[in-house]
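What follows is one structure encoded as structure tokens, with my remarks underneath.
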Amino acid sequence: MYYFILFLLLLAAQLVYFQIAKKFSIIDKPNERSSHTKPTIRGGGVVFVLAVFLAWVMGAATWPLALGILLVGVVSMVDDIQPLHQLPRITVHLLATGLLIFDISQGTSLGYWIPVLFFLLIGWTNLFNFMDGINGITVLYALVSLLTFYQLPSLASDKELIVLVGMSCVIFAWFNVRKKAKTFAGDVGSISMAMVLGYLMIKVVFITGNPFYLFFFSLYGVDACMTIFVRLAKRENIFQPHRTHLYQYLANEKGFNHLVISFAYAFLQLFINFLWLYAIGLEEIQWVPGLIFVVILLLFYYFLRKYAKPAEKNIELS
């Protein structure tokens, strides 16, 4: 009954937001870079921010986490409505990242890793945001990550937070995981979710001392990082919008159904996560299986990208 009431509160908040978005025209209109063809409500991912705030109210999240997510949520929501200058966005992202790292440092000694964690968390947040381009991909990937984190004894104290954020994902998925989505996550959704997942990942890695938990983000990581590598090799501005991620090639050039791609990313990542959890094991760092996994993943990505990219651009990664 407790979770059912919280679920209804989040659902009601999502429905209220839809009315607000319609009234104030918070709408994503398709352009030449879009993978959708009709105007769609933007910013539905605000429910993720509300879930973290609700978790704090219920005592399931700390104030630095809640404040950090609220800050990036607010600035991203404003940016979704009216594009902001980079300075306020970067400033808030740095502040929010600092709050999350401060929170983690209360239970774990981070020491000289703090500057590295700033770079990694901000980098992950941007990579996750870049990957939010077709219906369902962000929320399904987030659900897989949250389901995986829920299995980990090292995150036992965060289970209620994970459940609440997971419920917000289920609600958002109902309106997003469909052929013609009713809403998109927007920056408010993708950035806030990225920070929550990044926060949980950092906690796991430092509590266990095993960096191979990062493989739980391997599909997003390899697609985003290799796309950046290719664009840098071609001397393109990596901060300019584009449609050259693998999932975008599969959707736009090869014509695969968007939901098929989103579910494929989610289920493959779920398979990888459970492979490492229950077959290979993460009780200790296993270098040989890790190296083999990375090689196989990169080869898989290389050949799939080679198949998916347009023929006239067949100079990438070759």
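No hydrogens, no waters, no symmetry mates; every other heavy atom, side chains included, goes into these values.
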Q. So, D158 side chain and L161 main chain: donor-acceptor pair closer than 3.5 Å or not?
A. no

Q | Distance (rounded to the nearest 0.5 Å) between T244 OG1 and M226 CE | A | 12.0 Å

Q) Looking only at atom types and distance, does a side-chain atom of S262 sit under 3.5 Å from a main-chain N or O of L259, one as donor and one as acceptor? A) no

Q: Classify the ring geometry between W124 and F217 as parallel (under 30°), tilted (30 to 60°) or perpendicular (over 60°).
A: parallel

**Q.** Donor-acceptor pair, side chain of D80 and main chain of G43, under 3.5 angstrom
**A.** no

Q) Where do M201 and F149 land on the side-chain contact (heavy atoms from CB on, under 4.5 Å) test, with the steps shown first? A) CA-CA 8 Å; M201 177 59 78; F149 286 137; 4.0 Å; yes

Q. What's the shortest heavy-atom distance between Q14 and V47, and which atoms?
A. OE1-CG1, 3.5 Å

**Q.** Main-chain N/O of R42 paired with T183 side-chain donor or acceptor, under 3.5 Å
**A.** no

Q. Quick one: are L147 and L143 in side-chain contact, heavy atoms under 4.5 Å?
A. no

Q | L100 CG to T125 OG1 distance, which is reported to the nearest 0.5 Å | A | 8.5 Å

(Q) Looking at W56, I want to see if its CH2 is surrounded by more than 12 non-hydrogen atoms of other residues, nucleotides or ligands under 6.0 Å. (A) no

Q: Taking T208 for its side chain and N210 for its backbone only, find out whether a donor-acceptor pair lies under 3.5 Å.
A: yes

Q: Nearest 0.5 Å please: distance from the OG atom of S218 over to the CZ atom of F293.
A: 3.5 Å

Q.
Taking I69's backbone N and O only, do any of them form a donor-acceptor pair with S192's side chain (distance below 3.5 Å, no angle check)?
A. no

Q) Do the non-hydrogen side-chain atoms of V165 and M193 ever get within less than 4.5 Å of each other? A) yes

Q: Go through the steps to decide whether H245 and M131 satisfy the test side-chain contact (heavy atoms from CB on, under 4.5 Å), and finish with yes or no.
A: CA-CA 8 Å; H245 285 291; M131 291 293 292; 3.8 Å; yes

Q: Give me the ring orientation class for F263 and F267: parallel if the planes are under 30° apart, tilted from 30 to 60°, perpendicular past 60°.
A: parallel

(Q) To the nearest 0.5 Å, what is the distance between OG on S25 and CD1 on I20? (A) 13.0 Å

Q.
Under 4.5 Å between side-chain heavy atoms, counting indirect links through other Ile/Leu/Val/Met/Phe/Trp/Tyr residues: same cluster for V260 and L140 or not?
A. no

Q. Could you walk me through whether N129 and S190 pass the side chain to side chain donor-acceptor pair (under 3.5 Å) check?
A. CA-CA 5 Å; N129 188 36; S190 59; 2.5 Å; yes

Q: Determine yes or no for a side-chain-to-main-chain donor-acceptor pair under 3.5 angstrom, with D79 supplying the side chain and L84 the backbone.
A: yes

Q. Between A13 and L50, which heavy-atom pair has the shortest distance, and what is it?
A. CB-CD1, 3.6 Å

Q: Using the six-membered ring wherever Trp is involved, compare the ring planes of F256 and Y307 and label them parallel, tilted or perpendicular (cut-offs 30° and 60°).
A: perpendicular

Q.
Between Y17 (side chain only) and V46 (backbone N and O only), is there a donor and an acceptor less than 3.5 Å apart?
A. no

Q) Are any side-chain N or O atoms of Y247 and backbone N or O atoms of G133, one a donor and one an acceptor, separated by less than 3.5 Å? A) yes

Q. Side chains of E253 and Q248: does their closest heavy-atom pair fall under 4.5 Å?
A. no

(Q) Hydrophobic cluster membership, with links at side-chain heavy-atom distances under 4.5 Å among I/L/V/M/F/W/Y: are I114 and F119 in one? (A) yes

Q. Is the count of non-hydrogen atoms from other residues, nucleotides or ligands lying under 6.0 Å from F271 atom CZ greater than 12?
A. no

Q: Would you indicate whether the side-chain heavy atoms of F7 and S168 approach each other to under 4.5 Å?
A: no

Q) Between D187 and S76, do the side chains contain an N or O donor and an N or O acceptor separated by less than 3.5 Å? A) no

(Q) Counting neighbours of CZ on F4 that are heavy atoms of other residues, nucleotides or ligands and sit closer than 6.0 Å, is the number greater than 12? (A) no

(Q) Could you report the tightest heavy-atom contact between S145 and L197, atom names first, then the distance? (A) CB-CD2, 3.9 Å

(Q) Before you tell me yes or no, could you show the steps for L65 and F102 under side-chain contact (heavy atoms from CB on, under 4.5 Å), namely the whole-Å CA-CA distance, both residues' side-chain angles and the distance that decides it to 0.1 Å? (A) CA-CA 9 Å; L65 173 64; F102 167 76; over 6 Å; no

Q: Evaluate the ring planes of Y213 and F216, with Trp represented by its six-membered ring, and classify them as parallel (under 30°), tilted (30 to 60°) or perpendicular (over 60°).
A: perpendicular

Q.
For Q86, I'd like to know if atom CD has over 12 heavy atoms of other residues, nucleotides or ligands within 6.0 Å.
A. no

Q. Hey, does V294 have a side-chain heavy atom less than 4.5 Å from the side chain of V222?
A. no

Q: Check step by step if side-chain contact (heavy atoms from CB on, under 4.5 Å) holds for L246 and Y265.
A: CA-CA 11 Å; L246 173 60; Y265 268 73; 3.8 Å; yes

Q) How about T227 and R305: do any of their side-chain heavy atoms sit closer than 4.5 Å? A) yes

Q. Minimum heavy-atom separation for M167 to Y3, with atom names?
A. SD-O, 3.7 Å

Q. Rounded to the nearest 0.5 Å, how far does CD1 of I261 lie from NZ of K254?
A. 12.0 Å

Q. Is it true that V288 and I280 fall in one hydrophobic cluster, defined by side-chain heavy atoms closer than 4.5 Å?
A. no

Q.
Are the side chains of L99 and Y199 in contact, using a 4.5 Å heavy-atom criterion?
A. no

Q. Where do N135 and F184 come nearest, in terms of heavy atoms and distance?
A. OD1-CE2, 3.2 Å

Q. With a 4.5 Å limit on heavy-atom distance, are the side chains of Y278 and Q151 in contact?
A. yes

(Q) Strictly distance-based, threshold 3.5 Å: is any side-chain N or O of D132 a donor or acceptor partner for the main-chain N or O of F128? (A) no

**Q.** Heavy-atom neighbours of Y150 OH exceed 12 at 6.0 Å
**A.** no

Q.
Let me check something: do I162 and I207 share a hydrophobic cluster, defined by ILVMFWY side-chain heavy atoms less than 4.5 Å apart, either directly or through other members?
A. no

Q. So how far is it from I134 CD1 to N176 CG, rounded to the nearest 0.5 Å?
A. 10.0 Å

Q.
For a quick test of reading the model, state the closest non-hydrogen atom pair linking A181 to T40 and the distance between them.
A. O-CG2, 3.3 Å

Q: Using the six-membered ring of F18, assess whether NZ or CZ of K182 lies under 6.0 Å from its centre and within 45 degrees of the ring axis.
A: yes

Q) Any link between M77 and L87 through a network of hydrophobic side chains (Ile, Leu, Val, Met, Phe, Trp, Tyr) touching at under 4.5 Å? A) no

